[in-house]
Amino acid sequence: MSSDRYPFREIEAKWQGIWEARNQFRVTEDPSKPKFYCLEMFPYPSGRIHMGHVRVYAIGDVLARYKRMRGFNVLHPMGWDAFGLPAENAAIEHGVHPAIWTYENIDHMRAQLKKMGLSYDWDREVATCDPAYYKWEQLVFIKMLERGLAYRKRSRVNWCPSCQTVLANEQVEAGRCWRCDTEVTQKDVDGWFFKITKYADELLEWCERLPGWPERVMTMQRNWIGRSEGAEFDLPVAGRAGLAARVFTFIADYVLMGYGTGAIMAVPGEDQRDWDFAAQHGLPIIETVARPAGFTGQAYTGDGVKINSGFLDGLTVAEATRKAIDWLVARGLGEARVNYRLRDWGISRQRYWGAPIPVVYCDRHGMVPEKEENLPVVLPRDVQISGKGSSPLAEVASFVNAKCPVCGGPARRDTDTMDTFVESSWYFLRYCSPRYDQGMFERQAAEYWMPVDQYIGGIEHAVLHLLYARFYTKVLRDLGLVKVDEPFLGLLSQGMVIKDGAKMSKSKGNVVDPDDLIRSLGADTARLFSLFAAPPERDLDWNDHGVEGASRFLNRVWRFVIGHAEELRTAPRRAAGPLSEAGRAFRRTIHETIARVTTDIENEFHFNTAISAIMEMVNALHAFDAAAAAPREERLALTREAVETLLLLVGPFCPHIAEELWSALGHAESVFAQRWPEEEPAALARDEVTVVVQVDGKVRSRLTVEVGAPDERVRERALADDKVRPWLAGRRVARVVVIPGRLVNVVTRAD
RNA sequence: GCUGGUGUAGCCCAAUCGGCAGAGGCGACCGACUUAAAAUCGGUUCAGUGGGGGUUCGAAUCCCUCCACCAGCACCA
């Protein structure tokens with residue numbers, strides 16, 4: 001590794017200091033400007049940032065800085081998803097209090113993020129473990145309780161024996177705990193539920209109305225909600241009123257009791273499981289859907305026309321389903337019924353490090369919510385965390401023993417805490433007015449900033465956090481607190497960071513530490529490579545040589561600009577006379593680059609191709625400088641235009657080097673106070689284009705033709721071309737296809 | 001099994017409406033500079049787009065089919 005790299009350590013520290021001293025990224029509501037709320041999923045303060053964080057925060061920062069330069073008032077906040085089990089595990093393993101562990105981690109990770117040069121309004125930082133934060137969530141809990149949106153029941157739940165707590169359905173992955181991968185067992189437990197099923201239809205409908213979301217996330221949410229329509233009816237065990245045939249009835253542990261009624265109708269002809277069951281028990285198998293020609297399987301599960309089904313014969317499966325439901329309803333035999341796969345959200349966790357559930361149990365009055373003026377119900381500091389037995393809070397007498405809000409008599413507090421996904425279901429609202437102490441958030445601030453215009457985070461939250469946050473926002477709307485129906489207008493699900501074919505992990509030994517990288521090559525290089533190596537939605541293959549390449553590019557930019565800074569400071573902004581041919585071509589490259597970078601950022605966040613366009617321009621800049629084909633004055637003017645454009649375009653990606661070089665050119669203002677450049681149509685104009693000439697689809701020649709040349713002329717020139725004529729010898733021209741400005745294809749036949 | 005995605009050069013990735021397969025980076029190789037090396041600069045190399053079929057003047061792109069990999073769902077009737 002070379003020693004003559006540009007002084008990234010000094011300039012990165014310098015500009016981070018200047019931005020902070022100037023409060024450059026602090027924002028307030030400003031109705032005179034269009035707003036843009038740019039949000040990345042906040043991290044869990046696990047201790048250190050990893051490359052996945054570098055990637056997602058680099059993506060968000062490019063967007064935030066770019067939008068500011070486009071004139072938007074940009075809200076770009078950061079905070080901490082600070083409750084959670086790892087803090088308790090640390091307490092068990094190292095005897096550190098979860099609060100101390102968490103806040104120390106936050107301090108460390110904040111410092112790490114600051115070294116990345118991210119343009120956050122740090123004044124809005126929140127930590128969800130702060131009582132001033134979770135107080136409002138307790139208040140909303142009470143309001144949900146009043147409206148029947150939060151309820152308590154005993155139920156069979158998913159239990160993680162390792163985490164010693166209940167898990168929601170969404171938190172079980174293939175029968176294992178989403179966090180620790182332990183096999184999940186079943187257990188009967190009393191607990192609190194949020195009535196997310198009440199919003200199932202609305203959550204589903206809005207899946208069609210969020211075009212800024214990736215289709216795959218919406219598909220996953222639709223599948224998760226799992227709406228299905230059918231009918232529910234009583235099947236008389238004897239008598240069989242109105243039903244045509246005898247039906248066998250089995251009682252067996254063959255079905256899911258928790259879904260629907262626990263009774264099913266078996267259709268062995270059209271369901272392989274039922275086929276197997278029928279075959280095993282010697283039952284008749286009646287085909288009720290016509291098999292397509294050539295079908296050789298047993299049960300047929302595809303679509304088709306009904307047969308052997310009386311009045312349903314001849315209909316498709318979907319039509320028959322609807323008609324059968326109508327038939328049952330019309331005869332009063334049953335009713336239409338919608339079932340969902342989605343279950344209510346179980347939020348009780350038998351853990352310490354979470355927001356207390358603000359209810360007490362009184363011998364006289366039963367379950368009673370805490371009074372509003374007594375909120376927050378503060379998590380007690382003094383607690384023994386052993387990792388064994390029941391909820392740690394149950395052992396804290398001073399917490400458990402409470403007064404009944406109704407009668408003042410002795411009562412016991414609920415000793416469970418809320419699922420930490422509750423905190424992350426509204427933090428984006430808290431950022432709008434993070435220090436507001438009269439409520440969850442200030443109404444006007446939320447009305448100005450919400451919804452989040454662009455949300456960025458990992459695909460692993462496709463149905464967890466993203467579904468909960470959508471639900472919670474709708475609850476807040478129905479409580480009259482917010483106006484928006486949905487929290488996130490656009491969603492970008494970024495891919496994982498991979499190295500040597502696997503996700504980075506300690507056990508695989510393929511971890512790249514962001515601190516090491518920033519120390520050895522700088523934050524701008526770390527950002528540049530993580531943005532350049534792949535489009536954001538795809539997995540990123542980390543490659544140390546590739547990182548070197550990113551560093552090399554920034555060094556190249558540095559050397560060129562510093563080497564020319566002095567003459568560029570006094571260079572004319574525009575060349576006096578008309579440009580030379582070389583000058584016109586170079587200026588076109590500059591403006592084409594502006595157009596490409598802008599569309600790449602705007603459409604689909606293709607930062608990788610935006611960066612490659614910038615690299616091309618830098619290559620062109622070196623070539624233009626070396627060739628010295630234009631007069632000196634013109635060369636200086638164009639070099640100045642190119643370099644200034646370059647720094648503006650590079651700024652969102654690599655902000656420190658852009659600021660330093662911008663100031664080296666004599667500018668007093670921040671590069672981020674500049675307007676994003678716009679391409680000049682006149683600079684893009686060409687008089688001539690290259691047209692490819694094909695004979696029978698194979699490229700045989702190229703023509704340079706003036707823009708707007710009539711097809712007929714281009715056709716004649718193509719046919720007369722020296723490189724084309726030999727391919728026409730002995731053949732007849734059957735057809736000539738002319739695509740203006742692009743290509744000519746001469747189609748021939750044998751003579 | 002179902003659903004969605006991906007498959008282009010040795011590697012990471014590009015390629016507007018179907019119109020020159022290659023922009024950028026990495027690697028390798030050659031040259032310049034150097035006593036030498038590093039760094040730097042310049043250049044060269046390399047695939048016919050996972051396989052097969054179809055539509056078209058023309059297909060990485062559209063259609064059919066098969067394969068591989070990734071992700072989600074999966075006794076939800």
Side-chain angles (χ1 to χ4, degrees), chain A residues 1-5 173-175 214-224 226-228 230 253-268 270-274 276-277 299 301 339-343 459-460 462-463 493 495-496 498 501 528-529 532-535 537-553 555-556 559 592-593 596 599-600 603 606 608-619 622-623 626 690-702 733-749:
Chain A
M1 213 164 281
S2 122
S3 54
D4 54 350
R5 293 193 190 274
E173 294 173 349
E215 189 52 40
R216 61 173 170 158
V217 174
M218 280 312 180
T219 303
M220 284 161 76
Q221 293 214 349
R222 272 189 220 107
N223 290 342
W224 190 262
R227 186 180 203 273
S228 63
D253 60 349
Y254 177 71
V255 298
L256 291 178
M257 288 307 293
Y259 186 84
T261 59
I264 62 153
M265 169 187 66
V267 282
E270 282 73 37
D271 186 298
Q272 189 60 42
R273 297 157 300 183
D274 292 347
D276 295 340
F277 188 91
T301 56
N339 263 313
Y340 299 94
R341 184 181 180 283
L342 182 71
R343 311 278 87 181
I459 187 72
E460 66 272 20
V463 283
S493 286
M496 290 186 300
I498 303 286
L528 185 65
F529 181 72
F532 174 62
E537 69 278 5
R538 273 218 237 172
D539 286 349
L540 184 158
D541 200 343
W542 195 266
N543 177 298
D544 292 333
H545 291 298
V547 183
E548 286 279 331
S551 170
R552 203 173 300 157
F553 170 74
N555 275 292
R556 196 163 134 87
R559 277 195 312 272
E592 280 172 353
T593 305
R596 288 168 66 188
T599 52
D600 281 344
N603 307 339
H606 282 169
N608 56 328
T609 48
I611 291 166
S612 78
I614 294 171
M615 288 174 167
E616 259 180 90
M617 186 171 108
V618 171
N619 292 343
H622 277 86
T690 302
V691 169
V692 171
V693 184
Q694 299 179 335
V695 179
D696 296 318
K698 293 203 167 57
V699 179
R700 299 303 182 190
S701 184
R702 287 172 224 287
V733 173
R735 186 176 165 189
V736 180
V737 180
V738 180
I739 308 296
R742 281 186 177 271
L743 136 163
V744 178
N745 189 11
V746 183
V747 184
T748 70
R749 295 271 153 72

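In this text, all values refer to a predicted model and were calculated from it rather than measured experimentally. Protein chains get the first letters and strands the later ones, always in sequence-line order, with residue 1 at the start of each.
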**Item:** C20(B) to A60(B) separation - C1' atoms, rounded to the nearest Å
**Value:** 14 Å
**Prompt:** Is there a Watson-Crick or G-U wobble partner for C75(B) with both distances under 3.5 Å, and if so, which one is it?
**Reply:** none
**Request:** Not counting sequence neighbours, list each pair that qualifies as a salt bridge (charged side-chain N to carboxylate O under 4.0 Å, His left out) and has a residue in residues 538-547 of chain A.
**Result:** Lys499(A)-Asp544(A)
**Request:** Could you check if the base of G48(B) is syn or anti? Syn means the glycosidic torsion is within 90 degrees of 0.
**Result:** syn
**Request:** Name all residues meeting the salt bridge (Lys or Arg N to Asp or Glu O under 4.0 Å) criterion together with Arg702(A); count only those two or more places apart in sequence or in a different chain, and write none if there are none.
**Result:** none
**Message:** Testing the basics here: between Ala534(A) and Leu540(A), what is the closest heavy-atom pair and its distance to 0.1 Å?
**Reply:** CB-CA, 4.2 Å
**Residues in side-chain contact (heavy atoms from CB on, under 4.5 Å) contact with Thr609(A), at least two apart in sequence or another chain** = Asp600(A), His606(A), Ser612(A)
**Request:** Tell me the partner of A38(B), counting only Watson-Crick (N1-N3 plus N6-O4 or O6-N4) or G-U wobble (N1-O2 and O6-N3) with both under 3.5 Å; none if nothing fits.
**Result:** none
**Message:** Distance check, P atoms only: G48(B) and U3(B), in whole angstrom units.
**Reply:** 33 Å
**Prompt:** What integer number of Å spans the C1' atoms of A15(B) and G72(B)?
**Reply:** 30 Å
**Request:** Return the set of residues passing salt bridge (Lys or Arg N to Asp or Glu O under 4.0 Å) with Glu460(A) (not counting sequence neighbours), or none when no residue passes.
**Result:** none
**Message:** Between A14(B) and U8(B), how far apart are the two C1' atoms, rounded to whole Å?
**Reply:** 9 Å
**Asked** Quick one: does Asn745(A) reach the base of C57(B) with a side-chain donor-acceptor pair under 3.5 Å?
**Response** yes
**Message:** Nearest whole Å is fine: how far is G72(B) P from Met218(A) CE?
**Reply:** 18 Å
**Below 4.0 Å: OP1/OP2 of G5(B) and any side-chain N or O of Arg216(A)** = no
**Prompt:** Taking syn as any angle within 90 degrees of 0 and anti as the rest, which one fits C13(B)?
**Reply:** anti
**Contacts of Arg556(A) that satisfy side-chain hydrogen bond (donor to acceptor under 3.5 Å, both in side chains) - sequence neighbours left out** = Asn619(A)
Can you pull every protein N or O that's under 3.5 Å from an N or O on nucleotides 41-46 of chain B?
residue, atom, partner, partner atom, Å
C41(B), OP1, Arg556(A), NH1, 3.1
C41(B), OP1, Arg559(A), NH2, 3.2

**Of Trp224(A) and Ala550(A), the one whose closest RNA chain B nucleotide lies more 5'** = Ala550(A)
**Prompt:** Looking at CZ of Arg222(A) and CG of Leu342(A), how far apart are the two atoms once the value is rounded to the nearest 0.5 Å?
**Reply:** 15.0 Å
**Message:** Under a 3.5 Å cut-off for both contacts, is U6(B) paired Watson-Crick or G-U wobble with anything, and if yes, with which nucleotide?
**Reply:** A68(B)
**Prompt:** Quick one: side-chain hydrogen bond (donor to acceptor under 3.5 Å, both in side chains) partners of Gln694(A), sequence neighbours excluded?
**Reply:** none
**Complete:** Across every strand shown, the nucleotide meeting Watson-Crick or G-U wobble geometry with A15(B) (both distances under 3.5 Å) is none
**Message:** Measure CD/Glu548(A) against C1'/U40(B) and give the value in whole Å, please.
**Reply:** 14 Å
**Prompt:** What pair of heavy atoms forms the shortest contact from Asn745(A) to Asp696(A), and how long is it?
**Reply:** OD1-N, 3.5 Å
**Prompt:** Taking only residues two or more places apart in sequence, or in another chain, which ones meet Arg742(A) in a side-chain hydrogen bond (donor to acceptor under 3.5 Å, both in side chains)?
**Reply:** none
**Item:** Asn223(A): partners by side-chain hydrogen bond (donor to acceptor under 3.5 Å, both in side chains), with sequence neighbours left out
**Value:** none
**Prompt:** When rounded to the nearest Å, what value does the distance between P atoms of C30(B) and A39(B) take?
**Reply:** 15 Å
**Item:** Gap in Å between the two C1' atoms, one belonging to A9(B) and one to C70(B), rounded
**Value:** 23 Å
**Item:** Where Thr748(A) and Val695(A) come nearest, the two heavy atoms and their spacing
**Value:** CG2-CG1, 4.1 Å
**Glu215(A) CD to A71(B) P, straight-line distance once rounded to whole Å** = 20 Å
**Request:** Whole angstrom is fine here: how far is it from NE2 in His545(A) over to C1' in A28(B)?
**Result:** 11 Å
**Request:** Please determine, for A60(B), whether a Watson-Crick or G-U wobble partner exists with both distances under 3.5 Å, and give it or none.
**Result:** none
**Residue closer to the 5' end of RNA chain B, Ile739(A) versus Met615(A) (nearest nucleotide)** = Ile739(A)
**Prompt:** Using purine N1 to pyrimidine N3 plus N6-O4 or O6-N4 for Watson-Crick, or N1-O2 and O6-N3 for G-U wobble, both under 3.5 Å, which nucleotide pairs with C46(B)?
**Reply:** none
**Fill in**
When both distances are under 3.5 Å in a Watson-Crick or G-U wobble arrangement, the nucleotide paired with U55(B) is none
**Asked** For the pair made of CZ in Phe553(A) and P in U40(B), what is the distance, rounded to whole Å?
**Response** 14 Å
**Item:** Distance, P atom - from G10(B) to G50(B), rounded to whole angstrom
**Value:** 13 Å
**Nucleic acid contacts - residues 692-700 of chain A versus RNA chain B, non-hydrogen atoms under 4.0 Å** = Val692(A), Gln694(A), Val699(A)
**Prompt:** How does protein contact run along nucleotides 11-16 of chain B, one letter per nucleotide 5' to 3', with B for base contact, S for sugar-phosphate only, - for none, heavy atoms under 4.0 Å?
**Reply:** -SSS-B
**Request:** Would you check if Arg700(A) and Val746(A) make a side-chain contact, meaning some heavy-atom pair closer than 4.5 Å?
**Result:** no
**Message:** What is the separation between atom CD1 on Ile611(A) and atom P on C26(B), rounded to the nearest whole Å?
**Reply:** 13 Å
**Asked** Distance between the C1' atoms of C33(B) and A38(B), in whole angstroms?
**Response** 12 Å
**Message:** According to salt bridge (Lys or Arg N to Asp or Glu O under 4.0 Å), who are the partners of Arg596(A), at least two apart in sequence or on a separate chain?
**Reply:** Glu616(A)
**Asked** Between Asp600(A) (CG) and G24(B) (P), how many Å, whole number?
**Response** 15 Å
**Message:** What is the distance, to the nearest angstrom, from the CZ atom on Arg222(A) to the C1' atom on U3(B)?
**Reply:** 11 Å
